[in-house]
Structures are given as structure tokens and as C-alpha cells.
Amino acid sequence: MSESERAGEKTGGEPVACHECDALQCLPLLGRGQIARCHVCHAKLLRVPRGGLDRPIALFSAALILLLVANSLPFMTLDIQGRRAITTIFGASQALYEAGMGGLALAVFLTSIAVPALLILSSLYVLLDIRFALSLPGVRVALSWISHLQPWGMLDVFMLGVLVAFVKLGDTARMHVGVALIAYAGLIVLSAAASAAFEPGYLWRRLRRQRARRAR
Ligand SMILES: [Zn+2]
């Protein structure tokens, strides 16, 4: 079965319990981009992604490339009284640690490097497994952890901190934007688009169906 056929797969008649009000009902037949809502409380029961799984796979792959660029090239260059300092995101976290701010260094490292990397990699792992029916180990654990990890990826908060630093240090130092900063801005946009195209309810359903097919 092709990906396009699978994405518009038949949902009609499948029994499902609403996660908000527990009302038991049958899913209607859904096409791409369509949403099934609870007939009692109108909570979202299932949404079939418009672009199938190829769209989130493409967006997360592009985000992974930007994350690598953002973490390997200079983030910004600082000129203070004739001295020039070039830093990367990891370098900024390291500098905070060396300045005695261990907690802040760890927060910067986790929210701007570790969690976004883990989110992108685990999302790709789950999506590729389901898209190509690979039966990789640990997919169900990865899918359940993704929703727990999402609140801890704070790319935009880190970016806001950088912009505040730009304004505050504007009088005392000359700051030059590095390639990584532009990549980081692109990463924020791509991550938001990829998360919007990521439908956990639909992915759980696809996993259940794959498992049922294998058990037959
Ligand atoms: Zn309901």
C-alpha cells in the first residue's frame, strides 16, 4: 500500500472512546486534513495529516540540518574594547558554567541543544518507522516521551534572551550576527511547523494497525 493510500486509510466504523468525556463512538470516514470530533463535547478525536507523514519527515529532517549548523558554526562575534570573542551556543553554555552559573548553563544546554536534538531525532525515528513499517525497537516509548519533552524545548525563549543581550550590550560592544544565529531563527520556524504537522493520535493509530497486521 502506498503512503498516499495509507494516509487516507479507512477510519469509518472504528470504535473509539473520547479522551475528554469517555463517550464511546464510531469514527467517521476521514480523508487527508479532516478531523473527527466527539459528538458530545466536540473534543478532537483524530486528525488525518494533510501532507501524510512525508511532510513532518521533511520538516524534521530540515530542522535537524539547521540544528547541526546552529551548533557547529559561530553564533555571534563580540567586539569589546579591541578584543574579539567568537562564540557558539555550546560555548555560551560553557562560559556560563565557568562564570559560576552552573544552573543557568545547564538550563541553556538542555533547552537550546539537548531537548531540541532529542525531540527532532525521536520524532524522525517514530515517523520513519511508521512510514516505512520498519518495526524498530522502542518506537512506542519514543512516541509517548515526545509529548513529555515538547514543553522543555524552548528555542524561542533562548532567542528572546539573545535579542535582549543585543539591545543591552549595544552601547558597550559591537555585536555581529553569525551564520548559526540565522540557522537558529530558521530552526524555530521549522520546529513549529514540524510540531504542527506531527499528530500523535494518528501515529498511535497507525502503530496499532501495523501491530494488528503483523499479529495476523
Ligand atoms: Zn467527548
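In listed order, ligands and their atoms are each counted from 1.
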Margin query: Between S191 and I188 (side chain of the first, backbone of the second, donor and acceptor by atom type, cut-off under 3.5 Å), is there such a pair?
Written below: no
Checklist line | E98 (side chain) donor-acceptor with A95 (main chain) under 3.5 angstrom | finding: no
Next item on the list: Apply side-chain hydrogen bond (donor to acceptor under 3.5 Å, both in side chains) to H19 and list each qualifying residue two or more places apart in sequence or on a separate chain.
Entry: none
Answer yes or no: does atom [atom1] of [X] have more than 12 heavy-atom neighbours from other residues, nucleotides or ligands under 6.0 Å?
X: R140; atom1: CZ; answer: yes
X: F90; atom1: CZ; answer: no
X: W145; atom1: CH2; answer: no

Check: Protein N, O or S atoms less than 2.8 Å from the Zn ion (ligand 1), ignoring waters?
Finding: C18 SG, C21 SG, C38 SG, C41 SG
